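The structure displayed is predicted, hence computed values, not measured ones.
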Amino acid sequence: MARRIVLNPGPRCQCLWNAWRVSTFDGNVSVMLAIRRICLLKKFEVKSFAFCSIILNNRSFISAATKRSHHLLISTRLKLYQRGIPLTEKFCTASTLDELSFHNIADETLDAVAELFEDLGETPSSPTDYDVYLSDGVLTVNLGAGRGTYVINKQSPNKQIWLSSPTSGPKRYDFKNGSWIYTHDGVCLHSLLSSEISVALGHDVDFTLLSYGGADEKLS
């Protein structure tokens, strides 16, 4: 059995612990210097200083990681904004749909998306190998002319819609506020499809006007 070592700072380190709890990230260096001086003046045990050092170093690491994640999220959202992909104001954490509601909404979503893809394939400029196939909750769209294949399917256990895009890769969407949202960047499924398919086909295509496409939320 693995042994877990716990550092006991002792009662004389309690005041330093309370001081750390209200310290800010930017003040960690100053607090560390103050702790060191107090330890020298009051002859605190070495283990007390080591205990405080571990606490502050861990807090610095966690804060730095949080800042990096926040900066990455801001950078991602800025790039999407520059590409003209609208973002939702609220991110989705987990689907709260019951199973019956999920299947009804997911099926209606896939049916509407498949119908629009079929309409796009009936234009005179559509390549001969353009193909749309929907079966058992799996929508497969071959754009033809070497432009790649999209696969959109519902995942009942997770109550999600999964997308495999030849442009942006795989993504998992949760249902939130009336539309399907990718939790990592807040982009709606229909907004992403509108952007990518418009570029692939060379003309504007708007999926957001479909059921659960997010158009109602943008107008509200």
Of all the heavy-atom pairs spanning [X] and [Y], show the shortest one and how long it is.
{"X": "S211", "Y": "A112", "answer": "N-CB, 4.5 Å"}
{"X": "K159", "Y": "D174", "answer": "O-OD1, 4.5 Å"}
{"X": "L110", "Y": "K154", "answer": "CD1-N, 4.3 Å"}
{"X": "V132", "Y": "A114", "answer": "CG1-O, 4.0 Å"}
{"X": "G213", "Y": "H190", "answer": "CA-CG, 3.4 Å"}
{"X": "Y130", "Y": "L143", "answer": "CD1-O, 3.3 Å"}

Stepwise side-chain contact (heavy atoms from CB on, under 4.5 Å) test for V113 and I152: CA-CA 9 Å; V113 171; I152 308 173; 4.2 Å; yes
Cluster check W162, V141: I/L/V/M/F/W/Y, side chain < 4.5 angstrom: no
ILVMFWY cluster, V151 and F117 together (side-chain gap under 4.5 Å): no
Crowding at CD, Q155 (>12 non-hydrogen neighbours, <6.0 Å):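 Buried by this count: over 12 neighbours within 6.0 Å.
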Over 12 non-hydrogen atoms of neighbours within 6.0 angstrom of CG in D98: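 More than 12 within 6.0 Å, yes.
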I197 and F207: CA distance, side-chain angles, deciding distance, side-chain contact (heavy atoms from CB on, under 4.5 Å) verdict: CA-CA 9 Å; I197 301 303; F207 284 83; 3.9 Å; yes
Does a donor on one side chain and an acceptor on the other come within less than 3.5 Å for [X] and [Y]?
{"X": "N104", "Y": "S101", "answer": "no"}
{"X": "K171", "Y": "H184", "answer": "no"}
{"X": "S156", "Y": "E99", "answer": "no"}

Residues forming a side chain to side chain donor-acceptor pair (under 3.5 Å) with T109, sequence neighbours excluded: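 W180.
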Side chain to side chain donor-acceptor pair (under 3.5 Å) against S164, all qualifying residues, sequence neighbours excluded: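 Scan of S164 (side chain to side chain donor-acceptor pair (under 3.5 Å), adjacent residues dropped) gives none.
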Expected output: side-chain D129 to main-chain A145 donor-acceptor under 3.5 Å: yes
Check: Q160 main-chain N/O paired with N158 side-chain donor or acceptor under 3.5 Å: no
Verdict with supporting geometry, V205 and S198, side-chain contact (heavy atoms from CB on, under 4.5 Å): CA-CA 5 Å; V205 180; S198 295; 3.8 Å; yes
Those residues that, when tested against D136, pass side-chain contact (heavy atoms from CB on, under 4.5 Å) (two or more places apart):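 With neighbours one apart ignored, the set is empty.
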Spatial distance of atom [atom1] ([X]) from atom [atom2] ([Y]) [nearest 0.5 Å]:
{"X": "L189", "Y": "F175", "atom1": "CG", "atom2": "CZ", "answer": "11.5 Å"}
{"X": "L193", "Y": "Y150", "atom1": "CG", "atom2": "OH", "answer": "7.0 Å"}
{"X": "L120", "Y": "E115", "atom1": "CG", "atom2": "CD", "answer": "11.0 Å"}
{"X": "L192", "Y": "T208", "atom1": "CG", "atom2": "OG1", "answer": "12.5 Å"}
{"X": "S179", "Y": "L210", "atom1": "OG", "atom2": "CG", "answer": "12.5 Å"}

Check: R147 and P166 side chains under 4.5 Å, non-hydrogen atoms: no
